[in-house]
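Since the structure comes first, as structure tokens, the remarks are kept for the end.
Numbers restart at 1 for each chain; the letters A, B, ... are given by sequence-line order, proteins then strands.
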There are 2 protein chains.
Amino acid sequence: MNKSNSQYSNIRNQNKNEILEDYVEAIQEIAEIKGDVKNSDLSIHFGVSQATVNKNLKRLINFNLAKSEPYRSIFLTKEGKKLAAISREKHEIVYQFLLKLGVSKKVAQYDSEGIEHHVSEETLRLMKKFNK
Amino acid sequence: MNKSNSQYSNIRNQNKNEILEDYVEAIQEIAEIKGDVKNSDLSIHFGVSQATVNKNLKRLINFNLAKSEPYRSIFLTKEGKKLAAISREKHEIVYQFLLKLGVSKKVAQYDSEGIEHHVSEETLRLMKKFNK
DNA sequence: TGTCATTTTTAGCCTAGGCTAAAAATTATA
DNA sequence: TATAATTTTTAGCCTAGGCTAAAAATGACA
Ligand SMILES: [Mn+2]
Ligand SMILES: [Mn+2]
Ligand SMILES: [Mn+2]
Ligand SMILES: [Mn+2]
């Protein structure tokens, strides 16, 4: 995949994983709340067109994170569920950390949505520790 | 739609600003160290091809952040210098914050490179306070 | 000064993530 | 059960950020 040893290339790569993580997290959440997940749910959730959701979904399916028969509901694969759990956990740790730091709920929600994709295991562990 | 109020669209937008911030920061740094800045310096710095640097530079010029006559050195505009200063300051606060948290130097360097683009003013202020 | 090496630019290709408009399929309802 | 409304998919477009290969300009130096 990424053969460059520059840290910058890795950051740009994180930006590509970002959308995958956000999607599996959203699919899991919506599945829990509404039972099933449709294209239109994701379109509303992310504030993008249904055509865009459809295209991104194809990427998720390609990465074996989700599956969906044409015109039917969307499901996570085992792999997708695993990534969803990891992403949610990570998101939650960062969110709680920001609150602990003193950041307002609204801003913590906003910032954690971006920061979550850029914290390494080491940083995450220290945030978790700080939260206790 | 296009003027979506979804936080996700804003995060994707932050990813687009990211490259602008990293470029002006790098141009400023290299200018201070070596006196002038060439395409090849940035190519090495970011680990991308010179063609890619050239293209990104066009975007910077378009945004009135940098200027450069063909085949000559690269300079920041007043606006570019301003963004460079802000970016560097932000980067430094996040970096020092991670160190203070207990993150190793290497990982702090790496994580701050990504996180810097996703911290709001409020969070930044609290990190700064934590650093003291 | 003329030639060669290096650097920069251009051209053309790719993937990802957006959009709109229209076609196709599904779902609701008269 | 037809028909209408809704949803999903497809097609085609755009920008951004990558790449390689080749052309053009600059710089070194014999
Ligand atoms: Mn998340
Ligand atoms: Mn996110
Ligand atoms: Mn930076
Ligand atoms: Mn950065």
Out of C:dA16, D:dT20, C:dT10, which nucleotide sits closest to the side chain of B:K58?
C:dT10
Phosphate contact (C:dC19 OP1 or OP2) by A:T52 side-chain N/O below 4.0 Å
yes
What is the distance from CG of A:L57 to C1' of C:dG18, rounded to the nearest Å?
16 Å
Rounded to the nearest Å, what distance is computed from the CD atom of residue A:Q14 to the C1' atom of nucleotide D:dG17?
16 Å
Between P on C:dT15 and CG on A:N17, what's the gap in Å once rounded to a whole number?
17 Å
Gap between atoms CG and C1', on B:L60 and D:dT15 respectively (whole Å):
16 Å
If you find the nucleotide of DNA chain C closest to A:K16 and the one closest to A:A51, which residue's nucleotide is nearer the 5' end?
A:K16
Greater than 12 external heavy atoms within 6.0 Å of B:E69's CD
no
Given DNA chain D, 5'-ward residue of the pair B:R72 and A:N39, judged by closest heavy atom:
A:N39
Output the rounded distance in Å from CZ (B:R59) to C1' (C:dT9).
19 Å
Report the relative orientation of the aromatic rings in A:F46 and A:Y23; use parallel for angles under 30°, tilted for 30 to 60°, perpendicular for over 60°.
parallel
Kindly indicate, with the supporting measurements, whether the criterion side-chain contact (heavy atoms from CB on, under 4.5 Å) is fulfilled by A:I11 and B:E18.
CA-CA 10 Å; A:I11 305 279; B:E18 189 168 317; 2.9 Å; yes
Starting the side chain at C-beta, find the nucleotide from C:dA16, D:dC19, C:dC19 nearest to B:S49.
D:dC19
The side chain of B:R12 is closest to which nucleotide in this list: D:dG18, C:dG18, D:dA25?
C:dG18
Of the candidates D:dT8, D:dA25, D:dT20, the side chain of A:Y71 sits closest to D:dT8
Closer to the 5' end of DNA chain D via nearest nucleotide, is it B:N56 or A:S40?
A:S40
What integer distance in Å separates B:I19:CD1 from D:dG18:P?
4 Å
Among C:dG12, C:dT8, D:dT8, the one nearest any side-chain atom of A:N54 is D:dT8
Judged by nearest nucleotide, the residue sitting upstream toward the 5' end of DNA chain C, A:P70 or A:N15, is A:N15
Under the side-chain contact (heavy atoms from CB on, under 4.5 Å) criterion, do B:L65 and B:L83 qualify, and how do the steps go?
CA-CA 8 Å; B:L65 295 169; B:L83 181 59; 4.0 Å; yes
Starting at OH of B:Y23 and ending at P of D:dG18, how long is that distance when rounded to a whole Å?
6 Å
Starting from C1' on C:dA11, measure out to NZ on B:K55 and report it in whole angstrom.
9 Å
Could you walk me through whether A:Q14 and A:E21 satisfy the side-chain contact (heavy atoms from CB on, under 4.5 Å) test, starting with their C-alpha distance in whole Å, then the side-chain angles of each, then the deciding distance to 0.1 Å, before giving a yes or no?
CA-CA 10 Å; A:Q14 285 174 356; A:E21 292 176 12; over 6 Å; no
A:K38 side chain near D:dT8 phosphate (N/O to OP1/OP2, under 4.0 Å)
yes
Does D:dT8 have OP1 or OP2 under 4.0 Å away from a side-chain N or O of A:Q50?
yes
